[in-house]
Amino acid sequence: MKKTDWGILLLTIAFSFLFYKENAGINCLLFSLVAIGFFVWDDPTRTKNLNWLIVAAACLCSSFFIFLHSSTLSVLAFYCSLLLLSAYSINSKASVLTNLFYGYYSILSSFIFVAVNTYTSLIQKKEGDKKTKGMRTLTYLIPFVLALIFFFIYKNANPLFKEYTKWINLDFISIHWLIFTLWGFLVAYGLVRHQRIQGLDNWEKNLSIDIDKNETQSSRWNEKKSVLILFVLLNTMLLFINCLDINYLYLGAGLPKDLTHKQFVHDGVGMLICSIVLGISIILFFLRGGLNFGKENKSVRVLIYIWLFQNLMMVISTAIRNHIYIMDALLTYKRIGVFYWLLMAAVGLTVTGYKLKKTKSSWFLIRSNALFAFIVLVLSSSVDWDRLIGDFNIKRVPNIAGLDKRYLISISEANLAQLYRLKDDKDFNTDSSYHYAMYKRSKNSTALDRKLFYFMDELLNCSWKSFCVRKKRVLREIIALNSAEKIQSLDLTSTYFSSFEPLFPLTNLRKIQLGASNNPTKKWLSELKQFKKLDTLALTSLDASHIEYLSALKNLKCISLTYTNKSVIDSLKAKMYGVQIIDKGNSSY
């Protein structure tokens, strides 16, 4: 087999083994090492190419950040880096934009190219070769697949054969696994046999990053006079705006009545970015040729430099307003996103200034900004933003009523322990003035308990391949809270589950509340014995067959029931004498 065939096989096996029924964790780091190792083995000269090394380093860094805190941002950075790694292995001179497009194009169209290449290999024979590559593959593949089918048949037909082959564990083989592995094969095929569009590559290759001095820009109207008038007007307006900002923001004059920094951030950021993009687009149009050169055009360039500088001042002022707004309303992803867009706006303005000074082309501006956006994506994924948001908001608010608990519950598990330390506060279920519109039908404490259950369930159902430093830290914090008896009650009325096993580490639970979504099953009723200190239980839709399981819970003091027949309640009272049985009829908890 060729190196590319070995690469497809290797990456398919790695994909199936590392990611099947797993979450993002150390598996992403291992997969990136396998992918980088293959590309180096396939062509060692790639290690001498700076662009390829940068992308390979970005792939390793982003996968390492997944290992640290497995944030959505780090996963996105890893996917982009992996696609760029494949693309830069073929064409290291293309831009980030086109190579990222080719990465997605290769993966999404891989099933088409697999079919086309397989068909071609079956009908075309090389001179002097009696068997095609496809036929040689089938020579080995068909017997193996048939033998595997007969293995399962014989194993089920002969108990003795089954006993002697029980050490061969092929339980992972299922329809879901086969489909997942097929998807892994298509991903590996797209990464290794990277597809390009020759016409698009040639078009990009012919794009220059410099403006030709001999290039003229013909027009029926006086473009120089137009751009002069335009940027005189724009600079006049910006000067007035910046003077207002200096007075009200920097000199401490304060905002006029009924105006807030929130209004500036919510209403002004989008329009500011829009004005900068529109202004830069106008610059790119007018300065596409001759206006970039000659002393007679110096006044045009000076006016544009002034416009760029004044926009940078507006960006800084908006960033300060966003900071003030965060001090009042606390951190959220949208408010962090404002800083990101302002940073990209500042970069765009700076690169535009560099383009004017060095007479670079519009294509230089576009590809430079795309590269910087990718670098920012990878670097920003190094931060555990969820933990930063949780720590900042909790420390910033002296009164729990003013904390947006719903928003903190809506993000990842990073702040679980901090929220459980606040759960018993009388204001925990009180919404703040800046509350996140979520969990409208349940209390904050109920939503938090649901979040804890799903976190514990996720850890239970994943292996070492999904290991993540942040999740391990959160689990240690939860276990420590349990040891300190800080988690004694759980409201699972809106949590869907089939087993209490994820909660077994919480050995100090005293009260569990279940709702209509948790119709009792014999399985999880028998599991309640694991909670030795459980004394209060709220159930719904109990029937007579469940009574024996409840009577086995010797420490129970109170059982609250809804949607349960009176005859069942009477039987339970007779069976569990001394336990308080509360019949709530059809009411909700």
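- The backbone N or O of A56 sits nowhere less than 3.5 Å from a side-chain atom of Y88 that would complete a donor-acceptor pair.
- At least one test fails for K360 against the ring of Y354: distance under 6.0 Å to the centre or angle within 45° of the axis.
- At least one donor-acceptor pair closer than 3.5 Å links the side chain of S63 to the backbone N or O of C59.
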Exercise for the section: Any chance you could lay out the side chain to side chain contact (heavy atoms under 4.5 Å, CB included) test for W177 and K21, step after step, and finish with the verdict? Expected result: CA-CA 9 Å; W177 176 80; K21 289 187 176 180; over 6 Å; no

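- The environment of CZ in F309 is sparse: at most 12 heavy-atom neighbours from other residues, nucleotides or ligands sit within 6.0 Å.
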Handout entry: Full working for side chain to side chain contact (heavy atoms under 4.5 Å, CB included) between I8 and T12
Key = CA-CA 6 Å; I8 294 171; T12 302; 4.0 Å; yes

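- Rounded to the nearest 0.5 Å, atoms CG (L342) and CZ (R321) are 11.5 Å apart.
- Using a distance-only test at 3.5 Å, with no hydrogens or angles considered, a donor-acceptor pair links the side chain of S466 to the main chain of N23.
- The main-chain N or O of F39 is found under 3.5 Å from a side-chain atom of R46 such that the two form a donor-acceptor pair.
- D386 places no side-chain N or O within donor-acceptor distance of the main-chain N or O of D384, the cut-off being under 3.5 Å.
- For R193 and F113, the positive end is not near the middle of the six-membered ring at less than 6.0 Å and at most 45° from its axis.
- Judged purely by atom type and a 3.5 angstrom limit, D457 has no side-chain atom pairing as donor or acceptor with the backbone of F453.
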Problem - Worked check of side chain to side chain contact (heavy atoms under 4.5 Å, CB included) between Y20 and K465 - result: CA-CA 10 Å; Y20 181 61; K465 302 166 196 174; over 6 Å; no

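- In this structure, E204 contributes its side chain and A94 its backbone to no donor-acceptor pair below 3.5 Å.
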Exercise for the section: Please assess R367 against I209 for the test side chain to side chain contact (heavy atoms under 4.5 Å, CB included), listing each intermediate value before the final yes or no. Expected result: CA-CA 9 Å; R367 66 181 292 161; I209 61 172; 4.3 Å; yes

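- Centroid-to-centroid, the aromatic rings of F78 and F31 stay 6.0 Å apart or farther.
- Between the S368 side chain and the L365 main chain, no donor and acceptor come within less than 3.5 Å of each other.
- Under the side-chain hydrogen bond (donor to acceptor under 3.5 Å, both in side chains) test applied with N99, the options H194, R196, K93 reduce to a single match, R196.
- With sequence neighbours left out, V347 forms a side-chain contact (heavy atoms from CB on, under 4.5 Å) with L343, V351, N369, F372.
- Atom CD1 of I389 and atom OG of S412 lie 9.0 Å apart (nearest 0.5 Å).
- A donor-acceptor pair under 3.5 Å is absent between the side-chain atoms of D42 and the main chain of F38, judged by distance alone.
- Without hydrogens or angle criteria, S70 side chain to A24 main chain gives a donor-acceptor distance under 3.5 Å.
- Under the 6.0 Å cut-off for aromatic ring centres, F180 and F15 qualify, their centroids lying closer than that.
- Taking the side chain as every heavy atom from C-beta outward, L377 and S381 never approach each other to under 4.5 Å.
- Using modelled atom types, one finds a donor on one side chain and an acceptor on the other under 3.5 Å when comparing T45 with D43.
- The shortest distance between side-chain heavy atoms of L408 and I394 falls below 4.5 Å.
- In this model, a donor atom of one side chain and an acceptor atom of the other lie less than 3.5 Å apart for K451 and N415.
- Ring geometry for Y102 against Y105 counts as perpendicular: the plane angle is over 60°, on a 0 to 90° scale with 30° as the lower cut.
- Side-chain contact between Y407 and L330 is absent, with no heavy-atom pair separated by less than 4.5 Å.
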Practice task
Dump the intermediate steps for salt bridge (charged side-chain N to carboxylate O under 4.0 Å, His left out) on E413 and R470, then the final yes or no.
Solution key: CA-CA 9 Å; E413 72 285 337; R470 180 175 74 183; 3.1 Å; yes

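- A salt bridge links R387 with D391: the distance from a Lys NZ or Arg NE/NH1/NH2 to an Asp or Glu carboxylate oxygen falls below 4.0 Å.
- Across all non-hydrogen atoms, the minimal contact from F286 to L230 is CE1-CD2, 4.5 Å.
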